[in-house]
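Chain A is the first sequence line, chain B the second, and so forth, proteins listed ahead of strands; every chain is numbered from 1.
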Amino acid sequence: MYNHSKEKKKWQEYWDNNKTFEVLNKGDKPYYILVEFPYPSGAGLHVGHVRSYTAQDAISRLKRMQGYNVLYPMGWDAFGAPAEQYAIKNHIHPKDAVRENIKTFKGQMKSLGFSFDWSREFSTTDPEYYKWTQWQFLQFYKHNMAYKDTVPVNWCPNCKTVLSNEDAAGGVCERCGSTVIQKEKSQWMLRMSDYAEDLLKGLDDTNFADKVKLGQINWIGKSEGVEVDIDIVGGGKFSIFTTCIETIYGITFFVIAPDGKLIKELMPRIENKEEVQAYIEETAKKSNMDRTELNKGKSGVEVKGIKAINPVNGKEVKIFLGDFVLGDYGTGAVMAVPSHDERDFEYAKEHNLEIIEVITGGDITCHAYEKQEYLDNKESRLINSDKFNGLTIKDAKEQITKFLIDKGIARKVNNYKMRDWIFSRQRFWGEPIPMINCPQCGWVPMDEKDLPLILPDVAEYEPTDNGESPLAKITDWVNCKCPKCGCDAKRETDTMPNWAGSSWYFLRFMDAHNKDSFASMEALKYWNKVDWYNGGMEHTARHLLYARFWVQFLYNIGLVPNKEMIWTRVSHGMILGSNGEKMSKSKGNVVNPDDIVKEYGADALRTYEMFIGDYEHDAAWSENGLKGCRKFLDRIYRLGNKLNDSYEYSKETEILMNQTIKKVSDDLLNIKYNTAVSALMILLNELEKLDTVSKKDYRTILHLLNPIAPHITEELNEMYDLGDKFCESTWLEYNNNKLENNTYTMVVQVNGKVRGKIEVDINTSKEKMEQLAKNIDNVKLYIDNKEIVKVIIVPKKLVNIVVK
RNA sequence: GCCUGUAUGGCGAAAUUGGUAGACGCGAUAGACUCAAAAUCUAUUUUUCAGUGAUGAAAGUUUCGGUUCAAGUCCGAAUACAGGCACCA
């Protein structure tokens, strides 16, 4: 029996010693294949990692054989909370923990035979790498893209750190599950919202799947609308933003944000100050999630003593506070039209407010404004809207907008949901932010030539009770001189988020050891783009958007050759436990790839994970399925016992052989790995039926299997002396003239039901097809004595006889 | 609540994009080999009905409608599950 362990090691050593997968930045046909680099967690490699690494490995091996200069790199995303949490829990310095974990991960990856170019390996925690992360931060700062601001942030009382909105999803800390509270904190911010429009437009220059693009679009969240100035009775004004200006005559109240600036300005004139103040304080306790969650009731209070004027009809309208209006979105104030907005309707019901219908045609709500149907609706017309009565929604939208703009009290405005990126973390285990706070000069960037700003070793790396980074306690690190004026100053003690290092790592792989820049323009231009990027669906929104933003900024300051540096993005489904649930220690359904490799071999694991199901869908682990794939490889092995001396394809299977070459080549490049494997199983089944198998037959099936199961195929190829090593071979071609059999099974239907089948020559004419069909005994039973209405003939497929 | 997916045998899944539903694999059943077991090989395996049998018939791709000679595939509505989110005006 084949010794998977020994032969596997032999070939892995061969690839290592011969630097088979190391590439230079030169040569024809560069092709860059990337998988998301992992957090080297203490748990070791997950079988889920194996799925995507194998998939991309198969593509890499195939593309190499097709003559491409393939870059398939691997590195480590080792900064950030997960690594720090692991270190704190296990009482190991993060640096040491990361070193150990990387060693484990790398060993596991090597044991699976992935064709990574290890010469380009790096970790985001290497000073040689994070020097450039810091350098790029300085570029953001110097181009006015980084700024410090006091913002209400999500605060985890347990982790004692600030979380981005993304990390505080659901009102609980993503890491520890504690309830997140709102807290004012001074933070470094990146002006990502400036890039909203460019990030939308840039999608046109990518080949991302539609659902991936949609994820980006939804995150950016563009709303086209109108901003209108509203006068306050007795002086003053504010602005509202609306996407449904056509309903402006239906305003019966305004709602303003309890956490906005407007309410603070109005405070002196308010009659029910205490009530308003109480509501503001109540809102401050709530997270955005609480405020925005549905079915919570439409809480709010009237702002008494102050009324606003509807600009189109001069009506005096009440003002309310409502926590569903957010201070930091739009203008922090909305017009309420309960007749045509569900949320306004519920608020009006709750607070007994007037409802004025301004569009006929039933329960038409502005909420549906995104839908073309709403805009194209020709039945619904405006009413109760003075001179705009009778207009369609579309026309009313245009004309009312124009009317208000001409009056000088409105502007067309695009609002984006996407906010600026909170870039500070009160953490130890991250890239230090290279900024110095000088009592004279304020914030001063470090001199670029002093980078990297090395993360110092500390004894205690747990966060402090007051929420500062442990770096704050290292006074001889914190205290420094101002680069500008030379007086005593202090370093920033916040560090960068884990997203920072992963926002540009794919650029570094193109020129991994450059000491003069993060990557030379020459290298960036050579590889041009990441041709094919694979990762988890959970990263297609945040990580991908951050990375694209980072790249677009670098492009705008002339440091990368393309505004989009990633061409295709593919997302894989999760490998679930055998019970169909997410693998986790607590559920006891974790599968360790090491155990599998030991018992079944790396090739069996690789083959199984490709065969397990549709690559983009989740799949439950099955030990039996794995055994089936091991059995398949054993049968491949035993097929070698049947070899004859021929160097031609066996006649009996020549057509199938050509079909399989085409199928496997196409399927691998279309991420249909499961059907590629099944095609090989079908081919094997047929070859096993032959008494003997030619050397060409055998080498071909091994060749086709090689991208997925590289060890056993190389070994058998060598054992039977069939030809060059696959890793040094050219990929297979198929003969276009040998893809079709001479005959096919023609299906005969009567009224759409299959009533007969007959084997016919591939060139059978339509007339002959019909004639043959009508002659089948079983078919006759259904057409005799019936009127034939028509006959549908699909060449090379079927005949359908329609009878009455 | 909204957005995006998904739904096919006992199980994982295929289906040339409107043309034989269930390829391939697992599991199961029966048999061969074996003292026996494992491994391996062979056969059967969507369900129901008829037949000793080759086979034939009916139903069948979450549900209900529709278009079509023909629907897993297209259209309309509904349900369930998964992932994402922002009551975003």
Base, sugar-phosphate, or nothing: which does L214(A) touch, judged by heavy atoms less than 4.0 Å apart?
-> sugar-phosphate
Find out whether [X] and [Y] are in side-chain contact, i.e. whether some heavy atom of one side chain is under 4.5 Å from a heavy atom of the other.
X       : Y       : result
T54(A)  : L605(A) : no
K774(A) : I783(A) : yes
Y615(A) : V570(A) : yes
E246(A) : H340(A) : no
V47(A)  : Y608(A) : no

Considering only the [atom1] atoms, how many Å lie between [N] and [M], rounded to the nearest integer?
N      : M      : atom1 : answer
A71(B) : C64(B) : P     : 15 Å
G9(B)  : U17(B) : P     : 25 Å
U68(B) : A50(B) : P     : 38 Å
G12(B) : U4(B)  : C1'   : 24 Å
G65(B) : A59(B) : P     : 15 Å
G72(B) : A21(B) : P     : 8 Å
U61(B) : U34(B) : P     : 48 Å
U62(B) : U55(B) : P     : 29 Å

Can you name the ring-ring contact (aromatic ring centres under 6.0 Å, His included) partners of [X], sequence neighbours left out?
X       : result
F253(A) : F320(A), Y347(A)
F208(A) : none
Y249(A) : none

Using side chain to side chain contact (heavy atoms under 4.5 Å, CB included) as the criterion, list what pairs up with [X], not counting sequence neighbours.
X       : result
V334(A) : V255(A), V325(A)
E787(A) : K804(A)
D777(A) : K780(A)
K663(A) : D667(A), T675(A), A679(A)

List every contact pair, protein side and nucleotides 25-28 of chain B side both N or O, where the distance is under 3.5 Å.
unit_1 : atom_1 : unit_2  : atom_2 : d
G25(B) : OP1    : N685(A) : ND2    : 3.4
C26(B) : OP1    : K631(A) : NZ     : 3.3

Return the pairing partner of [N] with a 3.5 Å limit on both distances, Watson-Crick or G-U wobble; otherwise return none.
N      : value
U29(B) : A43(B)
C85(B) : G1(B)
G22(B) : none
U16(B) : none
G9(B)  : none
G65(B) : C75(B)
A57(B) : U48(B)

Just the rounded figure in Å: distance from [atom2] of [N] to [atom1] of [X].
X       : N      : atom1 : atom2 : result
M610(A) : A13(B) : CE    : C1'   : 15 Å
D667(A) : C24(B) : CG    : P     : 16 Å
N218(A) : G5(B)  : CG    : P     : 10 Å
H617(A) : G12(B) : NE2   : P     : 13 Å
K417(A) : G84(B) : NZ    : P     : 13 Å
L684(A) : C41(B) : CG    : C1'   : 14 Å
E688(A) : U42(B) : CD    : C1'   : 13 Å
Q216(A) : U4(B)  : CD    : C1'   : 14 Å

Compare the minimum distances between each of C85(B), G19(B), C88(B) and the side chain of W219(A), then state the nucleotide with the smallest one.
->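 Per side-chain heavy atoms of W219(A), the pick is C85(B).
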Nearest listed nucleotide, side chain of T745(A), among G19(B), U20(B), C88(B) |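 Taking heavy atoms from C-beta onward, the closest nucleotide is U20(B).
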Between Y782(A) and R755(A), is there a cation-pi geometry (under 6.0 Å to ring centre, at most 45° from the normal)?
->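 Flagged: R755(A) positioned over aromatic ring of Y782(A).
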Answer yes or no: is there an ion pair linking K627(A) with E599(A), defined by an N-O contact shorter than 4.0 Å?
->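 No salt bridge links K627(A) with E599(A).
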Decide if atom NZ of K738(A) counts as having more than 12 heavy atoms of other residues, nucleotides or ligands within a radius under 6.0 Å.
->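 Atom NZ in K738(A) is not crowded, with 12 or fewer foreign heavy atoms closer than 6.0 Å.
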For K318(A), does the NZ atom sit with more than 12 other heavy atoms under 6.0 Å from it, leaving out its own atoms?
->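 Not buried by this count: 12 neighbours or fewer within 6.0 Å.
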Syn within 90° of 0, anti beyond: G10(B) is anti
Base of U17(B) relative to its sugar, syn (within 90° of 0) or anti?
-> syn
Using a cut-off of 4.0 Å between protein heavy atoms and nucleotide atoms, how would you tag nucleotides 64-75 of chain B 5' to 3' with B, S and -?
-> -----BS-----
Nucleotide by nucleotide, 5' to 3', does protein get under 4.0 Å of the base (B), only the sugar-phosphate (S), or neither (-) in nucleotides 53-58 of chain B, counting heavy atoms?
-> ----SS
Which atoms of nucleotides 14-18 of chain B (N or O only) lie under 3.5 Å from a protein N or O atom, and what are those distances?
unit_1 : atom_1 : unit_2  : atom_2 : d
A14(B) : OP1    : N674(A) : ND2    : 2.8
A15(B) : OP1    : K672(A) : NZ     : 3.3

Nearest-nucleotide 5' precedence on RNA chain B, A620(A) against V747(A) |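 First, find each residue's nearest nucleotide; the 5'-ward one identifies A620(A).
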Compare side-chain N and O positions of Y329(A) against OP1 and OP2 of A86(B) and report whether any pair is under 4.0 Å apart.
-> no
Apply salt bridge (charged side-chain N to carboxylate O under 4.0 Å, His left out) to K261(A) and list each qualifying residue two or more places apart in sequence or on a separate chain.
-> none
Quick one: the side chain of K211(A) and the base of U4(B), do they pair up donor-acceptor inside 3.5 Å?
->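 Flag unset: no donor-acceptor pair detected.
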